[in-house]
Amino acid sequence: VKNRLRVLRAERAWSQQDLAERLHVSRQTVNSIENERYDPTLPLAFRIARVFEQPIETIFEEEA
Amino acid sequence: MNIPAESTSIRPRVLLKVLIASAIYVAAVRFLTWFIENHPDSRWRVVAAVAPIAATGILAAAAMLSARGMDERDLRVHLEALAFGFLASVVFVTTYSFLWLAGVVPMQFELLSPVMVMFWVAGIGIALWRYR
């Protein structure tokens, strides 16, 4: 699954640690999601959408 | 799924502690084996024989408790590492057993726990590399 996490985070000038604290996960988890090495579960994906105040489908996109 | 307030992560320092603890465990078991074999009349033989069980139990409890503070990615790393450690240990024990039957190697039960821990640590390394 592709995602725009890195772009959205950069727009807000948040560090990975900042975002990790907002999501209650480790910085390594944010890094793994940004590098598209790890796909978050649905609950975490919804938390990400809530933190960025955007619909989930604008953040995550299924790879063709 | 419960979300930990502050998620911890699997850090190399933790793995180093596990490896050091495993080395101490092997040394302690070697000493206890020597003690049991060379003190057949000692009343401490039974205590010496069951001492490693307590140590192994504490290690297992520590591993379980450490998993409670992990987030979902680290739990997956933990799960994959346990699966790798278990399956690799099965392959190791099977191979070692046949080698023992063939008379190539001596039977050393006390090495099984450290070998499983080694495979578990290797599994963590592999999973961390996968989700890097």
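Here is how names work: the chains are called A, B, and so on, in the same order as the sequence lines, proteins then strands, and each is numbered from 1.
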Undergrad: Indicate if A:I33 and B:L79 have the same hydrophobic cluster label, given that clusters are the connected sets of ILVMFWY residues with side-chain heavy-atom separations under 4.5 angstrom.
TA: no
Undergrad: How far apart are the closest heavy atoms of A:L44 and B:E72, and which atoms are they?
TA: CD2-OE2, 3.3 Å
Undergrad: Determine whether B:F92 and B:V105 fall in the same hydrophobic cluster, where Ile, Leu, Val, Met, Phe, Trp and Tyr are linked whenever their side-chain heavy atoms lie under 4.5 Å apart.
TA: yes
Undergrad: When you group the ILVMFWY residues by side-chain heavy-atom contacts below 4.5 Å and let the links chain together, are B:V29 and B:W44 in the same group?
TA: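 Per the 4.5 Å side-chain linkage, B:W44 and B:V29 are not co-clustered.
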Undergrad: Rounded to the nearest 0.5 Å, how far does CG of A:N31 lie from CZ of B:R73?
TA: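 One gets 8.0 Å once the value is rounded to the nearest 0.5 Å.
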Undergrad: Any chain of hydrophobic side-chain contacts (each under 4.5 Å) joining B:V93 to B:F98?
TA: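 Linked, B:V93 and B:F98 end up in one cluster.
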Undergrad: Against chain A, label B:R130 side chain, backbone, both or neither, depending on which of its atoms sit under 4.5 Å from a heavy atom there.
TA: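 Looking at B:R130, just its backbone touches chain A.
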Undergrad: Testing the basics here: between A:S26 and B:D71, what is the closest heavy-atom pair and its distance to 0.1 Å?
TA: N-OD2, 2.8 Å
Undergrad: According to a 4.5 Å side-chain heavy-atom criterion applied to Ile, Leu, Val, Met, Phe, Trp and Tyr, with indirect links allowed, do B:I124 and B:W129 form part of one hydrophobic cluster?
TA: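 In one cluster with B:I124: B:W129, no.
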Undergrad: I'd like to know if the side chain of A:S32 and the backbone of B:Y131 have a donor-acceptor N/O pair within less than 3.5 Å.
TA: yes
